[in-house]
Amino acid sequence: MDSGERSVIGVLNRDHRRIAGLLQKLCAVRDAGERRRLAEEMTGELIRHAEAEDLFLYPVVRAIVLDRGADGTLETNAHEQINRLLAELAQIEASSCRFDVLITKLICAVRNEVRHEEVEVFPWLACCAGEQTLIAIGDQVQAFQDTRP
């Protein structure tokens, strides 16, 4: 694996593609049992991804921002909104109309968060953090995710 693939940006971008694929499959499937299985798999991926970002990515982003004299607060509303939607989705029958509504809301929330990270956070981080830092964080994220169910 080259350094770009090992960097935190490469690792998290792979997560984004995997999550997008699961969301796409979830929209295409009509069987309630398969929808529930895909929803549970996607939930696990989203939770693992968000935890890794909160533990490894955002502390480094905050440190760089503070070091540069800027406001160190980062928006966490997106993860909170996604977690609320996932919690509600877990309680709804996969064959119900409400399930479809929640999936649509989840897709919008995930797309917005991915766009924010890939358009704003990642390019900024690539400019401000050294390659070794990006690889070290990527290795931490990958190791963390490999130990999570």
Side-chain angles (χ1 to χ4, degrees), residues 1-29 34-92 94 99-149:
M1 186 179 301
D2 73 17
S3 62
E5 292 174 350
R6 284 183 53 208
S7 83
V8 65
I9 295 168
V11 172
L12 295 177
N13 276 332
R14 277 195 307 278
D15 283 358
H16 291 165
R17 302 294 85 74
R18 188 170 42 254
I19 291 165
L22 287 169
L23 286 167
Q24 187 174 13
K25 285 180 187 176
L26 190 55
C27 288
V29 171
E34 181 64 6
R35 292 183 88 196
R36 174 57 60 201
R37 188 195 68 72
L38 286 168
E40 289 172 359
E41 182 179 350
M42 180 202 52
T43 296
E45 289 289 335
L46 283 168
I47 289 171
R48 188 171 32 258
H49 178 82
E51 287 176 344
E53 287 180 343
D54 292 343
L55 288 170
F56 303 106
L57 174 68
Y58 286 112
V60 171
V61 170
R62 280 186 196 95
I64 293 170
V65 166
L66 288 172
D67 187 51
R68 293 173 179 264
D71 180 9
T73 60
L74 292 173
E75 186 175 325
T76 58
N77 290 342
H79 286 178
E80 291 170 6
Q81 178 190 17
I82 290 168
N83 285 337
R84 280 193 303 275
L85 289 167
L86 291 173
E88 190 174 349
L89 193 65
Q91 304 302 314
I92 303 292
F99 191 89
D100 291 333
V101 169
L102 290 171
I103 291 297
T104 300
K105 287 182 177 184
L106 185 63
I107 288 170
C108 289
V110 168
R111 282 182 181 162
N112 286 337
E113 178 64 4
V114 166
R115 185 175 21 253
H116 168 71
E117 290 175 358
E118 292 183 357
V119 171
E120 295 179 33
V121 176
F122 293 170
W124 176 84
L125 187 63
C127 288
C128 296
E131 181 180 10
Q132 292 307 313
T133 299
L134 296 175
I135 291 170
I137 301 166
D139 289 346
Q140 289 175 319
V141 168
Q142 191 64 61
F144 172 80
Q145 290 180 338
D146 288 347
T147 65
R148 305 297 286 178

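Bear in mind that the values here come from a model prediction, so they are computed numbers and not experimental data. One-based numbering along the sequence shown.
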Gap between atom [atom2] of [Y] and atom [atom1] of [X] - 0.5 Å precision:
| X | Y | atom1 | atom2 | result |
| --- | --- | --- | --- | --- |
| Cys108 | Ile82 | SG | CD1 | 11.0 Å |
| Leu57 | Arg62 | CG | CZ | 9.0 Å |
| Ile135 | Gln140 | CD1 | CD | 12.5 Å |
| Ile137 | Thr133 | CD1 | OG1 | 6.0 Å |
| Asp100 | Lys105 | CG | NZ | 12.5 Å |
| Leu85 | Glu80 | CG | CD | 12.0 Å |

Flag side-chain contact, heavy atom, 4.5 Å: Met42 against Leu86
yes

Minimum side-chain heavy-atom gap Arg14-Gln142 below 4.5 Å
yes

Please list, chain by chain and in numerical order, all residues satisfying side chain to side chain contact (heavy atoms under 4.5 Å, CB included) with Leu55, sequence neighbours excluded.
Phe144

Go through the structure and list residues passing side chain to side chain contact (heavy atoms under 4.5 Å, CB included) with Glu40, not counting sequence neighbours.
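For Glu40 the side chain to side chain contact (heavy atoms under 4.5 Å, CB included) partners, ignoring immediate neighbours, are Arg36.
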
side-chain contact (heavy atoms from CB on, under 4.5 Å), that's the test. Do Leu38 and Gln24 meet it? Break it down for me.
CA-CA 10 Å; Leu38 286 168; Gln24 187 174 13; over 6 Å; no

Verdict with supporting geometry, Leu134 and Glu131, side-chain contact (heavy atoms from CB on, under 4.5 Å):
CA-CA 5 Å; Leu134 296 175; Glu131 181 180 10; 5.5 Å; no

Taking Val110 as the fixed residue, which of Leu106, Ile107, Asn112 is the one that meets the side-chain contact (heavy atoms from CB on, under 4.5 Å) rule?
Leu106

Within 6.0 angstrom of Glu34 CD, more than 12 heavy atoms from elsewhere:
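Enclosed.
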
Sequence neighbours excluded, which residues qualify as salt bridge (charged side-chain N to carboxylate O under 4.0 Å, His left out) partners of Arg18?
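Once residues adjacent in sequence are excluded, the partners of Arg18 under the salt bridge (charged side-chain N to carboxylate O under 4.0 Å, His left out) criterion are Asp15, Glu45.
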
Who pairs with Arg148 by salt bridge (charged side-chain N to carboxylate O under 4.0 Å, His left out), at least two apart in sequence or on another chain?
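Here the qualifying residues are Glu51.
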
If I compare all heavy atoms of Phe99 with all of Ile92, which pair ends up nearest, and what's the gap?
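Smallest heavy-atom distance, with atoms named: N-CG2, 3.7 Å.
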
Kindly give the heavy-atom pair with the smallest separation between Leu26 and Ala39, and that separation in Å.
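Shortest heavy-atom contact: CD1-N, 4.0 Å.
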
Could you give me the CA-CA distance, side-chain angles and deciding distance for Leu125 and Val8, then say whether side-chain contact (heavy atoms from CB on, under 4.5 Å) is met?
CA-CA 10 Å; Leu125 187 63; Val8 65; 4.0 Å; yes

Taking side chain to side chain donor-acceptor pair (under 3.5 Å) as the definition, give me every residue that meets it alongside Glu120, ordered by chain and number, with sequence neighbours left out.
His116

What verdict does the side-chain contact (heavy atoms from CB on, under 4.5 Å) test give for Val11 and Gln145, after you've listed the backbone C-alpha separation in whole Å, the side-chain angles of each residue and the deciding distance to 0.1 Å?
CA-CA 10 Å; Val11 172; Gln145 290 180 338; 4.0 Å; yes

Taking ring-ring contact (aromatic ring centres under 6.0 Å, His included) as the test, write out the residues that go with Phe122, two or more places apart.
His16

State plainly whether the residues Arg84 and Glu88 are in salt-bridge range, i.e. N to O under 4.0 Å.
no

